[in-house]
Amino acid sequence: MTVEMREGYEGTGPGAITPDGCAVELYSRLPVGDEPDIIAGAVPAGAHILELGSGVGRMTHALLERGFRITAVDESAEMLERVRGARTICGPIETLDLGETFDVVMLASFLVHAGDVEVRRGMLRACARHVAEGGCVLIQREGEDYHTDLPRERVDPSGFTVRMLSADPVGDGVDSVRAEYVFPDAVWTQTFLARPLTKEEFEEALAEAGLEVDEYLTPDRVWARAVRTA
């Protein structure tokens with residue numbers, strides 16, 4: 001199946017590649033980390049979560065096991081085909097308008113760092129639009145040294161290597177980031193555009209969408225819980 005790639009995004013390796021350069025087979029192999037525990041500790045038990053950018057359901061499935069209800073949104077039909085046990089909606093996050101609200105809206109995978117400011121604005125407005133009164137928005141940010149501590153690599157205990165190779169400025173505060181995932185039987189690469197955001201810039205972006213940080217959930221401030229200001 002041919003997909004129209006987003007400008008500045010590219011992916012290589014076996015299987016289907018999504019518009020933002022993600023390989024479906026790669027993401028099906030990646031293990032889930034401690035994110036589900038962070039999320040479970042920050043929201044009410046059994047909450048209905050709108051997961052924006054669910055991919056193949058790595059976090060979806062782990063959260064379902066913890067008793068949450070999930071509505072999973074992704075722009076890739078191939079990704080959503082791998083999601084089990086959740087309601088799925090195929091479409092871009094930045095234009096999403098379901099006409100309903102949720103206890104929790106989650107924007108993970110560093111999507112808040114979208115290179116295109118209008119895409120980021122649309123995503124954050126979608127978060128604000130879909131969170132119920134008294135609910136919260138969970139957002140995953142990049143680490144402080146994400147674009148500067150390069151190249152770096154991490155060997156996963158399950159037997160593959162992740163290499164963050166480069167982050168090259170392409171103008172207007174945006175970097176072209178290149179990552180490589182090496183498995184014994186396959187190699188995938190992804191090139192994507194990301195805009196580094198300081199804590200202050202992140203909070204300003206939230207404020208523009210009518211959101212404010214309620215609490216940083218991890219010492220490195222990678223996970224933030226936000227609430228609506230109006």
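These figures come from a predicted structure and were not determined experimentally.
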K.L.:
Drop me the distance from Glu81's CD to Thr88's OG1, to the nearest 0.5 angstrom.
P.N.:
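That separation rounds to 9.5 Å.
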K.L.:
When hydrophobic residues are tied together by side-chain contacts of less than 4.5 Å, even through go-betweens, does Val222 share a cluster with Met106?
P.N.:
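Yes: a chain of side-chain contacts under 4.5 Å links Val222 to Met106.
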K.L.:
Which distance, rounded to the nearest 0.5 Å, do you find between the CD of Glu153 and the CG of Leu165?
P.N.:
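Going from the CD atom of Glu153 to the CG atom of Leu165 covers 9.5 Å.
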K.L.:
Any side-chain heavy atom of Ile139 sitting closer than 4.5 Å to one from Phe202?
P.N.:
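Of all side-chain heavy-atom pairs linking Phe202 with Ile139, at least one is under 4.5 Å.
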K.L.:
I'd like to check Ile38 versus Thr218 (side-chain heavy atoms, cut-off strictly below 4.5 Å). Are they in contact?
P.N.:
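The answer is yes, as the side chains (C-beta and beyond) meet within the 4.5 Å cut-off.
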K.L.:
For Thr198, give me all partners under side chain to side chain contact (heavy atoms under 4.5 Å, CB included), at least two apart in sequence or on another chain.
P.N.:
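Result, side chain to side chain contact (heavy atoms under 4.5 Å, CB included) vs Thr198: Glu200, Glu201.
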K.L.:
Between atom CG of Leu50 and atom CZ of Arg87, what is the distance when rounded to the nearest 0.5 Å?
P.N.:
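Leu50 CG to Arg87 CZ: 8.5 Å, rounded to 0.5 Å.
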K.L.:
Answer yes or no: is there a donor N or O on one side and an acceptor on the other, between the side chain of Asp103 and the main chain of Gly135, under 3.5 Å?
P.N.:
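No, Asp103 side chain to Gly135 backbone: no donor-acceptor pair under 3.5 Å.
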K.L.:
Minimum heavy-atom separation for Val187 to Pro14, with atom names?
P.N.:
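Looking at all heavy atoms of both residues, the closest pair is O-CD, 3.9 Å.
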K.L.:
Would you indicate whether the side-chain heavy atoms of Glu35 and Trp223 approach each other to under 4.5 Å?
P.N.:
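Yes, their side chains come closer than 4.5 Å.
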K.L.:
Under a 4.0 Å threshold between the charged nitrogen and the carboxylate oxygen, would Arg152 count as salt-bridged to Glu180?
P.N.:
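No.
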K.L.:
Show the numbers, then the answer: is there a side chain to side chain contact (heavy atoms under 4.5 Å, CB included) between Leu52 and Leu96?
P.N.:
CA-CA 10 Å; Leu52 301 175; Leu96 187 71; 3.7 Å; yes
K.L.:
Salt bridge or not between Glu144 and Lys199? Use side-chain N to carboxylate O under 4.0 Å.
P.N.:
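No salt bridge links Glu144 with Lys199.
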K.L.:
Below 4.0 angstrom, N of the basic side chain to O of the carboxylate: do Arg225 and Glu212 qualify?
P.N.:
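So Arg225 does not pair with Glu212 through a salt bridge.
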K.L.:
Should Val131 and Val104 be counted in the same cluster of Ile, Leu, Val, Met, Phe, Trp and Tyr side chains packed under 4.5 Å apart?
P.N.:
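No, no single cluster joins them.
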K.L.:
Sequence neighbours left out, what pairs pass side-chain hydrogen bond (donor to acceptor under 3.5 Å, both in side chains) with at least one residue falling in residues 89-98?
P.N.:
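Qualifying pairs: Arg6-Glu94.
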K.L.:
Would you kindly confirm whether Leu80 and Ile49 end up in one hydrophobic cluster when ILVMFWY residues are joined by side chain heavy atoms under 4.5 Å apart?
P.N.:
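The answer is no; the residues belong to distinct hydrophobic clusters.
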K.L.:
Can you see which heavy atom on His130 is nearest to which on Leu98, and at what distance?
P.N.:
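Nearest heavy atoms, His130 then Leu98: NE2-N, 2.9 Å.
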K.L.:
Cation over ring, Arg141 on Tyr216, under 6.0 Å and within 45°?
P.N.:
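Here Arg141 fails the 6.0 Å and 45° test against Tyr216.
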K.L.:
So which atom in Gly53 and which in Ser109 form the shortest heavy-atom distance, rounded to 0.1 Å?
P.N.:
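Here Gly53 and Ser109 meet closest at O-OG, 4.4 Å.
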K.L.:
Begin with the C-alpha distance, continue with both residues' side-chain angles, and end with the deciding distance and a verdict on side chain to side chain contact (heavy atoms under 4.5 Å, CB included) for Val119 and Leu111.
P.N.:
CA-CA 9 Å; Val119 169; Leu111 292 173; over 6 Å; no
K.L.:
Tell me, please, which residues at least two apart from Ser76 pass side chain to side chain donor-acceptor pair (under 3.5 Å).
P.N.:
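For Ser76, the residues satisfying side chain to side chain donor-acceptor pair (under 3.5 Å) (neighbours in sequence not counted) are Glu78.
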K.L.:
Is a donor on one side and an acceptor on the other found under 3.5 Å between the side chain of Ser176 and the backbone of Asp168?
P.N.:
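Checking the backbone N and O of Asp168 against the side chain of Ser176, no donor-acceptor pair under 3.5 Å is found.
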K.L.:
Rounded to the nearest 0.5 Å, how far does OH of Tyr146 lie from CG of Asp175?
P.N.:
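The OH atom of Tyr146 is 10.5 Å from CG of Asp175, to the nearest 0.5 Å.
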K.L.:
Applying side chain to side chain contact (heavy atoms under 4.5 Å, CB included), can you list everything that pairs with Val174, at least two apart in sequence or on another chain?
P.N.:
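If we apply the side chain to side chain contact (heavy atoms under 4.5 Å, CB included) test to Val174, skipping adjacent residues, the hits are Val170, Leu193, Arg195.
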K.L.:
Are Ile93 and Leu211 connected, step by step, through hydrophobic side chains (Ile, Leu, Val, Met, Phe, Trp, Tyr) whose heavy atoms are closer than 4.5 Å?
P.N.:
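Per the 4.5 Å side-chain linkage, Ile93 and Leu211 are co-clustered.
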K.L.:
Under 4.5 Å between any side-chain heavy atoms of Met79 and Cys22, yes or no?
P.N.:
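They are in side-chain contact.
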K.L.:
Test of understanding: with side chain to side chain contact (heavy atoms under 4.5 Å, CB included), list the residues that count as partners of Glu118, not counting sequence neighbours.
P.N.:
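Once residues adjacent in sequence are excluded, the partners of Glu118 under the side chain to side chain contact (heavy atoms under 4.5 Å, CB included) criterion are Asp116, Arg121.
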K.L.:
Could you check Arg82 against Ser28 for side-chain hydrogen bond (donor to acceptor under 3.5 Å, both in side chains), going step by step and ending with a plain yes or no?
P.N.:
CA-CA 8 Å; Arg82 311 234 177 166; Ser28 297; 2.9 Å; yes
K.L.:
If every non-hydrogen atom of Ser54 is compared with every non-hydrogen atom of Val83, which pair is closest and at what distance?
P.N.:
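Between these two residues, the closest heavy atoms are OG-CG2, 4.4 Å.
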K.L.:
So do the side chains of Leu30 and Arg58 get within less than 4.5 Å of each other, counting heavy atoms only?
P.N.:
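Yes; the side chains approach each other to less than 4.5 Å.
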K.L.:
Give, for atom CG of Asp156 and atom OG1 of Thr161, the distance between the pair rounded to the nearest 0.5 Å.
P.N.:
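It comes to 8.5 Å.
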K.L.:
Does the side-chain hydrogen bond (donor to acceptor under 3.5 Å, both in side chains) test come out yes or no for His147 and Glu142, once each step is laid out?
P.N.:
CA-CA 9 Å; His147 291 245; Glu142 292 176 345; 2.8 Å; yes
K.L.:
Find out whether the Lys NZ or Arg CZ of Arg29 is both under 6.0 angstrom from the six-membered ring centre of Phe183 and within 45° of the ring's axis.
P.N.:
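Yes - Arg29 lies over the ring of Phe183, closer than 6.0 Å to its centre and within 45° of its axis.
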K.L.:
Would you say Met123 ends up clustered with Val117 if hydrophobic residues are merged whenever their side chains have heavy atoms under 4.5 Å apart, either directly or through other cluster members?
P.N.:
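Shared cluster, no.
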K.L.:
I need the minimum non-hydrogen distance between Met164 and Ala179, along with the two atoms involved.
P.N.:
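The answer is SD-CB, 3.7 Å.
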K.L.:
Checking Phe160 against Val155 for the side chain to side chain contact (heavy atoms under 4.5 Å, CB included) test, could you report, in this order, the C-alpha distance in whole Å, the side-chain angles of both residues, the deciding distance, and whether it holds?
P.N.:
CA-CA 6 Å; Phe160 67 92; Val155 179; over 6 Å; no
K.L.:
How about Val177 and Thr191: do any of their side-chain heavy atoms sit closer than 4.5 Å?
P.N.:
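Result no, sub-4.5 Å side-chain heavy-atom pair not found.
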K.L.:
Does Leu107 reach the side chain of Gln140, with side-chain heavy atoms less than 4.5 Å apart?
P.N.:
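No; the side chains remain at least 4.5 Å from each other.
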K.L.:
Side chain to side chain contact (heavy atoms under 4.5 Å, CB included) with Thr12: which residues, sequence neighbours excluded?
P.N.:
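Residues passing side chain to side chain contact (heavy atoms under 4.5 Å, CB included) with Thr12: Glu10, Thr189.
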K.L.:
NE2/His48 to OG1/Thr101 distance, rounded to the nearest 0.5 angstrom?
P.N.:
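Rounded to the nearest 0.5 Å, the NE2-OG1 separation comes out at 10.0 Å.
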K.L.:
Closest heavy-atom contact between Gly46 and Arg69?
P.N.:
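That would be O-NE, 4.3 Å.
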K.L.:
Kindly indicate, with the supporting measurements, whether the criterion side chain to side chain contact (heavy atoms under 4.5 Å, CB included) is fulfilled by Val43 and Cys136.
P.N.:
CA-CA 8 Å; Val43 303; Cys136 66; 3.8 Å; yes
K.L.:
With side chains defined as the heavy atoms from C-beta onward, is the minimum distance between Val105 and Leu138 less than 4.5 Å?
P.N.:
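Val105 vs Leu138: side chains apart.
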